[in-house]
Amino acid sequence: MGDPKGFLTTPRQDWLRRPVEERVRDWDEVYVPGALLPVISKQAGRCMDCGVPFCHEACPLGNLIPEWNDLVSREDWRAASDRLHATNNFPEFTGRLCPAPCEAGCVLAINQPAVTIKNVEVAIADRAWSDGFAPPRPPDRLSGRTVAVIGSGPTGLAAAQQLTRAGHTVAVYEKDDRLGGLMRYGIPAFKMEKHHLERRVEQMRAEGTKFRTSTAVGRDVGAAELRSRYDAVVLAVGATAWRELPLPGRGLAGVHQAMEYLPLANRVCEGDLEVSPMSAAGKHVVIVGGGDTGADCLGTAVREGAASVTQLDIYAQPGGERDEDVDPWPTYPKVYRLSAAHEEARDLESAPAADADARLFAASTLRFTGDADGHVRELHLVEVDAERRPLPGSDRTLPADLVLLALGFSGPDRRDGLIDQLGLVLDPRGTIARDADFATNVPGVYAAGDAARGQSLIVWAIAEGRAVAAAVDRRMTGDTQLPAPIGPYDRPMTV
């Protein structure tokens with residue numbers, strides 16, 4: 001423990017965001033560059049080095065949080081980087097994108113603000129790159145065995161890096177033209193700039209991992225053919241089959257899925273397009289869905305210059321404090337959180353009809369109506385109670401030139417033919433069935449990440465990638481030294 005009284009004497013201080021008026025004019029990350037380093041050592045010193053650190057249990061990667069907190073408090077950045085990378089291949093991703101269930105499990109959070117674990121993590125990761133603590137780690141020798149990883153999201157990249165470092169020859173197949181999966185085209189640059197992703201990919205290339213982009217397995221190359229060429233195949237294709245909203249007016253022009261909208265905005269940032277063909281500029285935008293994807297749409301629409309943006313959440317507005325009867329410590333609580341996008345919409349008054357920031361809570365969509373040309377112009381909604389029953393007389397209408405459906409995902413997309421060509425068995429949820437060793441019903445084929453677990457967090461995706469790599473290594477060689485932080489049936493802590 002760096003400072004035995006740190007949790008008593010040092011208040012929590014989060015990474016400062018840039019002023020709203022400044023950051024909405026660009027696509028750079030919302031945080032003030034360099035603002036963590038002057039404060040982060042003292043923030044790490046707030047860690048109590050608990051005898052039973054529940055942050056470990058809350059983190060599926062098993063991150064050694066008290067250890068690297070102590071090292072950061074002493075400003076031993078090299079050792080902190082070693083301890084962090086011992087359990088997490090990509091801490092600069094999780095430090096920016098994970099909602100930090102570890103902080104919900106922090107013992108200090110029982111009656112005080114939690115340690116800024118996520119900020120400490122990203123500070124270590126960024127310092128590791130700037131100081132050269134994250135060099136490529138190619139294997140000493142090759143095993144002669146080959147593995148194909150299908151999908152280059154966090155699960156696929158983690159599995160590929162672990163298996164490459166174990167000495168296997170690994171090729172990653174990605175259907176898009178660039179690597180990264182949803183981190184590339186689903187996550188806006190203002191949440192994570194893409195140079196963080198490019199840097200890790202170059203590290204993996206230097207270690208020996210091969211990449212095949214613009215290659216949809218099942219369409220561009222036969223799934224059975226690919227299976228015959230490798231000793232093992234890891235399916236890390238994600239859960240990209242989006243949920244629909246089959247309501248009157250769904251077929252009107254201007255009603256789109258969030259994952260049709262976000263990739264186009266990301267392609268503008270990549271330089272592929274000058275303007276998104278689905279741009280929100282000058283339009284009244286309504287986002288249906290109260291989760292992180294909806295917030296990503298919100299921040300994107302604000303930057304594109306929407307006339308107004310409103311986000312609908314079917315749940316009631318949560319309180320600002322943990323409800324111990326519903327979400328007792330150390331579970332992840334449902335509380336009111338103000339993301340950077342919601343802060344922007346609030347300060348810019350982007351949604352004059354909203355209850356709070358840009359959100360209308362306890363709101364259920366009824367139908368869409370359009371103009372004579374078949375383009376959406378209004379969204380009709382109704383307020384609902386806790387059981388989602390409509391409240392009489394609460395009908396409302398919002399102007400809507402662009403409606404974005406951000407309702408989550410139900411399982412892997414089957415349109416490429418991969419699942420059917422391999423003859424994979426799906427479970428009742430529509431995700432790929434697997435056994436306790438991550439193996440599917442097809443010999444030599446393994447499934448990991450959202451494709452098998454269902455829609456989850458990036459920290460679980462990386463944990464799945466590390467765990468499936470250990471399972472594949474063991475099956476091919478008879479033993480493994482690779483860590484397996486989770487099993488396929490493990491789930492987050494709940495009541």
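Computed from a predicted model, the values in this text were never measured in an experiment.
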Is the side chain of Arg359 donor-acceptor paired with the backbone N or O of Gln317 at a distance under 3.5 Å, no angle test? no
Do the two ring centres, one from Tyr31 and one from Trp15, sit under 6.0 Å apart? yes
If we only count heavy atoms from C-beta on, is the Asp28 to Arg23 side-chain gap below 4.5 Å? no
What residues, two or more places apart in sequence or in another chain, satisfy side-chain hydrogen bond (donor to acceptor under 3.5 Å, both in side chains) together with Glu378? Thr369
Let me know which of Leu182, Ile187, Val122 forms a side chain to side chain contact (heavy atoms under 4.5 Å, CB included) with Leu97. Ile187
Can you confirm if the NZ or CZ of Arg267 lies within 45° of the ring axis of Tyr185 and under 6.0 Å from the centre of its six-membered ring? yes
Below 4.0 angstrom, N of the basic side chain to O of the carboxylate: do Glu202 and Arg199 qualify? no
Is it the case that Lys334 places NZ or CZ above or below the six-membered ring of Tyr315, under 6.0 angstrom from the centre and within 45 degrees of the axis? yes
Quick one: does Glu174's side chain have a donor or acceptor within less than 3.5 Å of a partner on Asp176's backbone? yes
Give a yes or no on whether the backbone of Arg466 and the side-chain of Gln162 come within a donor-acceptor separation of less than 3.5 Å. no
How many angstroms lie between CG in Asn266 and OG1 in Thr300, if you round to the nearest 0.5 Å? 7.0 Å
Scan residues 427-468 for pairs that pass ring-ring contact (aromatic ring centres under 6.0 Å, His included), counting only residues two or more places apart or in two chains. none
Shortest non-hydrogen contact from Gly430 toward Pro412: O-CD, 3.4 Å
Give me each pair satisfying ring-ring contact (aromatic ring centres under 6.0 Å, His included) with a member in residues 351-400, each pair once, sequence neighbours excluded. none
Per side chain to side chain contact (heavy atoms under 4.5 Å, CB included), Leu157 is matched among Leu197, Asn89, Leu179 by Leu197
Taking Asp490's backbone N and O only, do any of them form a donor-acceptor pair with Arg453's side chain (distance below 3.5 Å, no angle check)? yes
